[in-house]
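Before any comments, here is the structure.
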Amino acid sequence: MSKSFGRATLQQSRNVMDEPTAALGVKESRKVLDLILRLKAAGNGVGVISHNMRHVFSVVDRSLVLRHGKVVGVRAKSETTPDEIVKLIVGVENL
């Protein structure tokens with residue numbers, strides 16, 4: 001098990017994962033995403049901090065975007081797109 005995967009696994013006890021797949025390969029990333037889904041299925045809330053929208057959208061129910069320490073948007077997954085979330089992250093109206 002890689003150090004990064006181990007770190008992501010340990011962080012689950014706090015229910016926040018900060019860039020849990022950033023330094024992982026495809027197979028290890030899938031394990032982390034599966035872990036998040038298992039935690040959710042068991043009724044646990046999990047916060048995922050990531051810039052990888054493909055990974056985020058595969059596991060989240062809603063997204064909260066902070067910019068400069070302020071909430072700039074909260075969107076249900078069913079009511080948004082990865083592109084809209086990226087626009088909130090970077091703070092531009094049109095990309």
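Side chains are part of it too, since the values below use all heavy atoms of this structure and drop only hydrogens, waters and symmetry mates. We number each residue from 1, following the sequence as shown.
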same_hphob_cluster(V56, V90) at 4.5 Å side-chain heavy-atom cutoff: yes
Pairing of D34 and R38 as salt bridge, 4.0 angstrom limit: no
Shared hydrophobic cluster, I36 / L64 (ILVMFWY, side-chain heavy atoms < 4.5 Å): no
Between CG on residue L88 and OG1 on residue T80, distance to nearest 0.5 Å: 7.0 Å
Where M53 and I85 come nearest, the two heavy atoms and their spacing: SD-CG2, 3.6 Å
Short side-chain to backbone donor-acceptor contact, E28 and T21, under 3.5 Å: no
Heavy-atom closest pair, residues V59 and K40: O-NZ, 2.6 Å
Which atom of R75 lies closest to which atom of E84, heavy atoms considered: NE-OE2, 2.8 Å
Point-to-point distance, once rounded to the nearest 0.5 Å, from OG of S50 to CG of D18: 8.5 Å
Co-membership, hydrophobic cluster, residues V26 and L33, 4.5 Å side-chain: no
Distance (rounded to the nearest 0.5 Å) between R30 CZ and L24 CG: 12.5 Å
Hphob cluster co-occupancy, V48 + V72, side-chain heavy atoms under 4.5 angstrom: yes
Note, S29 side chain near H55 side chain (heavy atom, < 4.5 Å): yes
Flag side-chain contact, heavy atom, 4.5 Å: V65 against V71: no
Within 6.0 Å of CZ in R62, more than 12 heavy atoms from elsewhere: no
side-chain contact (heavy atoms from CB on, under 4.5 Å) between M17 and L39, intermediate numbers included: CA-CA 12 Å; M17 294 186 178; L39 290 167; 4.1 Å; yes
Full working for side-chain contact (heavy atoms from CB on, under 4.5 Å) between F57 and T81: CA-CA 9 Å; F57 268 72; T81 64; 5.7 Å; no
